[in-house]
Structure formats: C-alpha cells, structure tokens
Asks: 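Before we start, here is the structure in question, set down as structure tokens.
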Amino acid sequence: MRIAVLVKYVPDINAERRFADCRVVRDPAEGTLNELDENALEAALRIVEALPEAEREASEVVALTVAPPEGDLALRKSFQMGVDRGIRVSDDALAGSDYFGTTAALAAAVRRLEAEGPVDLVVTGMAALDGLGSVVPALVAAELDRPALTFAKKVAVEAGTLEIVRETDEATETLTAPLPAVLSVADTANTPRFPNFKLIMAARTKQIEAWSAADLDLDLAAVGAAGARTETTQASPRPEKPEVELVQDKGSGGQALAEYLIRNDLV
Amino acid sequence: MAEATRNRTVLVLLDPATEVRSSVLELLTIARSLGRVEAVTLEAPTVEALAQLSAFGVETVHQAELAPATQGDARHLAPVVAATLAAAVRLTDADVVLAPSSFAAKEAAALAARELGAGVVIDAASVTEDGDGRVVAGKRVFAGSWDTTSTVRTEVAVLTVRANAVVPQPADAAVATEVEGFAVAVDGVVPTVVERTPTVRDSDRPTLEEAAVVVAGGRGTGGDFGPVNELADALGAAVGASRDAVFEGWFDRYVGQTGVTVAPRLYIGAGISGAPHHRGGMQASQVVVAVNNDPEAPIFEICDFAVVGDLTEVLPQAAAIIRAHKDQ
C-alpha cells in the first residue's frame, strides 16, 4: 500500500492572520501544519498499521506539500507523526495559484510519485484552515481521474476497496470506491496521535525531498497568479468591535440580556 | 472578458428540489440583481417548490435527465451535480452559476467550474459586478476578521454563497414557471452509494445554517440543553453547539469552521469559551452575545454584549421576559 497525504502549511489560527498585497502573509514564525491534515495523516497511518505484516513492511506513507521552503515545518510535523517520506514542491511560478493551479501542481506531484510505483490512495484533510474551501480533494481526484470519497467520518480499506461513512448536510451516506482513490477525512474521524520521543528524534534527521515545477509534468500557463481564474483585488481588516457591554449577573443578568435584545430590535 | 450588461443568464442550483430553502431564495434574489434567473435540478420540483420559484421570478427550471447509473441516491453526489451544472451552462449559455455553500454544493461548483474552464469563488458573502461587467465576490475570511474582494476573470463565473448574504425578496410580479428536461452525461468517476439516510431535521426550528438567530450551548451547559432550548424557542432561533459539546454527545451539530458556519443577525453563545475553532464558525455574525460564568472566557473579546453568570439562571430569565414582550 502506497499512500500520499497532501498537507498544507498555513498561518496558525491562534496568531494574527493577515493579508499583504492581497496575499495571505505566511510568516515562518507563525506558520504551522494545517491542523485538519493531522486527521489525514492519522487515517493514512492507521490504514497501513491495519495491514498484515508483510504488506505493512512494503508500505509507504508520503507527505506531500506545495509550499515555499518554510513549508518544511509541515513536513517535519508529518515525520513526527510517522510518515516515511516528505516531499515539498516549491516554485515561484506557483505563487498566487487558485484552486485549479494548486490542484494541477498537487496532481502532477502525485503522478511523479506514481512514476516510481503505484499510489493506491491520496489522503487529505477536510479543509485547510486558511482558505476553508474544501474543494481541493474533489478537484485532485478529478485531475487524476480517480473517485473521491470526501468528508469521511469512518474509513475502512478492504480487498482493494475504500469504504467511508459521512454526514453531509442532507444525509448520512455509506460510499465505496475501488482503489486507487482520493479520500478526505473529517475532523471527527479520529484523534491524531501525539508524536513519541523516538519519532521526534528521527524526524530531525529525515531528508525532505525538494521538487520544482520543472520536475513535474505541469502546464505553467495554468498555474500561479497569471493562470488564476479569480483574482483577489482587495483585502482589508474588519473594523474592531466596540468594547463589549459586560454585565455581572447579580440576579438580573437575564433581564439585562433581554432588555439589550429588545433595545436593539433583535427580538 | 464579459461585457457590462444586465443581459446575463444566471443559473441557480436547487438540490434537493423538494423544498426551496431560504438559502436558495437568497440565491434567486441575488441572481435577479445580475440578470435573468433559471434554476437547475436533479429531480422534479414539488408543487410548493414551483410556486416559490414562480414568485421569485424563475421562468425555466432545467431538470437533469440522467443515465440509470447516476439516478437514485447517486444523483446527489458531487460529480453528478457538477456534470448537470456544466451541461446546463452549455445548454443555456449561462454566464453565472450560483449554489449554496454546503460541503456537497461546494464540491459540485468547483468540479463544474473545472469542466467549464470557469473561475470559482467559494463562500461568497456578496455577489456584484464591476464597471467592466466582471463578476465580483465579497468574502469574509480569517474567522470574520478580514474582508476580501475577488474578481472572476473568466467568461463564466461559478460561486457558492453563504446563507444570510441578503434578505430574500420575491420578484415584483410572479412569472409562469416551466420545467424542461435536458440530457446529462456524467464522465467523471462516481463512487457507489451503499446506503443513504436523509437527515430528519427538527421542523419546529429554523435550520442552523440559515437561521437569523442562533443560540448555541457549550461545555458550560454540563450536558443540559434545556435553558439553551428555552431561550431559542422564545427567540424563534436555531440551536447549535460547540464541538466539545458534540464530542460529548450532548448535541448533534456544532458551530465551527469545520462544522456549520453561521452568520446570523444574532448569535448567542452559552457556556462556550470561544476557542479559535468555534470563533471561525460564528465570528461573521452581526451581533454576538455570550453568557459564561468565566469572566476570562475568550468569547468575551468578540462580543457586543455579555453576561458573566450562571446560564441556568440567566437564560430562563431572559426567555421569560422575551416571551412576555412578544405577547404584548
């Protein structure tokens, strides 16, 4: 079993996130592995760990990211959780990509991995916490011409078939598809493991493989800011909220709340 | 690039077609401000749905005719909805596609845009046009702390729009609504649906993602949502929860950046500390109120009004006064 986990380096949601020149500022001091990708890494590792020993020994979990060099931090974190390889695709030509440019680069990287040997499964988180679009997994699947099973709450792989259970806004669904496939994992699917000391030490010396756009079979006209089909033309911080009106309840807190709502025509 | 013209055709996704939810009524309202409105469905609309489409100015409903393999439960899967949207755009020469911002519709919108070579905006909070007639979308990002504007550079624009973007407005006059079938071939790989159980929602309350008022309970409820429900009922509000409360099994749907994202007129958080994850799902609300016994709760930083106190005392007292006020 060979699994590629697509991970993203994002600004920490606890830090002050911001734009400059209509692009997200990626400050290395405040960047981190997208938290939801930890669920993807956990799911991938568990799929491999559930295999019979011989198959498990022959398995490989590869973390793959498209990011500037500071994105290595996301791969280090992936190593700490237990992945075997980390690959970063960096290229100035990719900066400013829209969903389709990002997808093209990710799919091209998976295809290059595939040139070494089959990739049975591509696993992602349910969203990246900076953009929250949740559409890249489905787009990567379409680009690779593979089925996408997305937002999985439960995951099982058996006899070359992927089965998931998910809860959409409309229904609870059980879906299956033959491998190779693309899987995105909800944050309710599992609890990501804490790295142990041995893995943390091993992660320090693991080599990150760096690929550029030239290493991939990629149409450069379709990626980066020039190839983007949408353009962010303005970005401005929201005005600060006025100071909160704070009431200490001494028996009439509920009344104060009701009066606030009535006064502001919210009832 | 598109010409500056009101002569556009705007397609609105209606899936399911058994009812027209307020989020879809919003899409129809936005669509009329951009051009002529047509709807796209994957099943026959009900009589009630047709009446609403008529009131909101939809002259034509394009209903997909699918091959047997993609009928049934599979028709709601993203590749099938995407192929339907793309085929409808080609059929009608539409310029804009609008869909709700559910996870399923987002995927369908992105896949349709991929097939059409169109630009896509996910989670738009507003849709307008610029002086050159290009479609422009406003978005609220980074947990509601930044506003961005995106311009679509392609001829066709595909957008998913967040609920509570506009107040739904019927057309000046109702129109006659026709349903027309059209053939849809699905090229993409479609998973197999082994089982599908539609979710039954509490019909006495508005749905969480579309409600104008939301009352949510967190760890501070200790598992008793009685006071939360009581205030929600007094206000005619939807009920939500924090992720912690859902993980505890106290409630089924959580407000958060990976759960349900809400942007109501009024959001009341009770016993919710306001972790970044939760704030990402509600910070775009117009008015934020919190009730928490911890004066240091981070949610107070983003509140307009807050009570430090015991929610089991504060919420029922507020509910009683609101009920009395409404009875006046």
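Just so it is clear, the model here is predicted, and its values are computed rather than measured. Quick note on labels: first sequence line is chain A, next is B, and so on, each numbered from 1.
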Asks: Can you tell me which portion of B:Asp304 sits under 4.5 Å from chain A's heavy atoms? Options are side chain, backbone, both or neither.
Replies: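 Both parts, backbone and side chain.
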Asks: As an exercise: rank B:Gly117, B:Ala74, B:Pro16 by heavy-atom pairs under 4.5 Å with chain A and give me the winner.
Replies: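 Option with the top pair count is B:Gly117.
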Asks: Do the charged groups of B:Arg75 and A:Glu170 touch, with an N to O distance under 4.0 Å?
Replies: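 Looking at B:Arg75 and A:Glu170, the cut-off is not met.
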Asks: Relative to chain A, which segment of B:Ala113 carries a heavy atom at a distance below 4.5 Å: side chain, backbone, both, or neither?
Replies: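 When you check distances to chain A, atoms from both the backbone and side chain of B:Ala113 fall under 4.5 Å.
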Asks: Could you tell me which portion of B:Val141 (side chain, backbone, both or neither) has an atom closer than 4.5 angstrom to a non-hydrogen atom of chain A?
Replies: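 Side chain only.
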Asks: So how far is it from A:Gln255 CD to B:Ile321 CD1, rounded to the nearest 0.5 Å?
Replies: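 Going from the CD atom of A:Gln255 to the CD1 atom of B:Ile321 covers 4.5 Å.
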Asks: To the nearest 0.5 Å, what is the distance between CZ on A:Phe151 and CD on B:Glu107?
Replies: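 Output value for this atom pair is 4.5 Å.
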Asks: Establish, from distance only, whether the side-chain atoms of A:Thr230 and B:Ser150 form a donor-acceptor pair under 3.5 Å.
Replies: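 Distance-only check fails for A:Thr230 and B:Ser150.
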Asks: How many angstroms lie between CG in A:Asp98 and CZ in B:Arg153, if you round to the nearest 0.5 Å?
Replies: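 Output value for this atom pair is 9.0 Å.
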Asks: Would you check if A:Leu257 and B:Val314 make a side-chain contact, meaning some heavy-atom pair closer than 4.5 Å?
Replies: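 Sidechains of B:Val314 and A:Leu257: in contact.
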Asks: Counting C-beta onward and ignoring hydrogens, is there a side-chain heavy-atom pair between A:Arg238 and B:Asp147 closer than 4.5 Å?
Replies: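 A:Arg238 vs B:Asp147: side chains touch.
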Asks: Using 0.5 Å steps for rounding, measure from the CG atom of A:Leu132 to the CZ atom of B:Phe142.
Replies: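 That separation rounds to 9.5 Å.
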Asks: Residues two or more places apart in sequence or in another chain: which of them pass side-chain hydrogen bond (donor to acceptor under 3.5 Å, both in side chains) with B:Lys139?
Replies: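 Checked B:Lys139 against side-chain hydrogen bond (donor to acceptor under 3.5 Å, both in side chains); zero matches.
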Asks: Which atom names give the shortest non-hydrogen contact between B:Pro198 and A:Ala171, and what distance separates them?
Replies: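 Minimum heavy-atom contact is CA-CB, 3.7 Å.
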Asks: May I ask you to test the A:Asp187-B:His277 pair for a side-chain heavy-atom distance under 4.5 Å?
Replies: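 Yes. Closest side-chain heavy atoms under 4.5 Å.
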Asks: Checking side chain to side chain contact (heavy atoms under 4.5 Å, CB included) against B:Phe305, which of A:Val247, A:Val244, A:Leu246 comes through?
Replies: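 In the set A:Val247, A:Val244, A:Leu246, the residue that makes a side chain to side chain contact (heavy atoms under 4.5 Å, CB included) with B:Phe305 is A:Val247.
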Asks: Taking only Lys NZ, Arg NE, NH1 and NH2, and the carboxylate oxygens of Asp or Glu, determine whether A:Glu143 and B:Arg114 approach each other closer than 4.0 Å.
Replies: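 Between B:Arg114 and A:Glu143 there is a salt bridge, with a charged N closer than 4.0 Å to a carboxylate O.
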Asks: Could you check whether any side-chain heavy atom of B:Lys326 comes within less than 4.5 Å of a side-chain heavy atom of A:Val267, counting everything from C-beta outward?
Replies: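 Side chain of B:Lys326 against side chain of A:Val267, heavy atoms only: contact under 4.5 Å found.
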Asks: Taking side chain as C-beta onward, heavy atoms only, is A:Val135 less than 4.5 Å from B:Val120?
Replies: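 SC-SC contact between A:Val135 and B:Val120 ruled out.
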Asks: Taking side-chain hydrogen bond (donor to acceptor under 3.5 Å, both in side chains) as the definition, give me every residue that meets it alongside B:Glu209, ordered by chain and number, with sequence neighbours left out.
Replies: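 For B:Glu209 the side-chain hydrogen bond (donor to acceptor under 3.5 Å, both in side chains) partners, ignoring immediate neighbours, are B:Arg253.
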Asks: Measure the CD-CG distance between B:Gln257 and A:Asp130 for me, rounded to the nearest 0.5 Å.
Replies: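 If we round to the nearest 0.5 Å, B:Gln257:CD and A:Asp130:CG are 10.0 Å apart.
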Asks: Let me know if B:Leu111 has heavy atoms under 4.5 Å from chain A in its side chain, its backbone, both or neither.
Replies: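 Both parts, backbone and side chain.
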Asks: Check whether any side-chain heavy atom of B:Thr199 lies under 4.5 Å from a side-chain heavy atom of A:Asp169, and answer yes or no.
Replies: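 No, too far: nothing below the 4.5 Å cut-off.
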Asks: Step by step, would you call B:Leu77 with A:Leu175 a side chain to side chain contact (heavy atoms under 4.5 Å, CB included)?
Replies: CA-CA 10 Å; B:Leu77 294 174; A:Leu175 307 176; 4.1 Å; yes
Asks: I want to check something: taking the side chain as every heavy atom from C-beta on, are B:Ile268 and A:Leu261 in contact at a cut-off of under 4.5 Å?
Replies: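 A side-chain contact under 4.5 Å exists here.
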Asks: Rounded to the nearest 0.5 Å, what separation is found between the CZ atom of B:Phe103 and the CD atom of A:Glu167?
Replies: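 The CZ atom of B:Phe103 sits 12.0 Å away from the CD atom of A:Glu167.
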Asks: Does any backbone or side-chain atom of A:Arg146 lie under 4.5 Å from a heavy atom of chain B? Answer side chain, backbone, both or neither.
Replies: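 For A:Arg146, the contact with chain B is made by the backbone alone.
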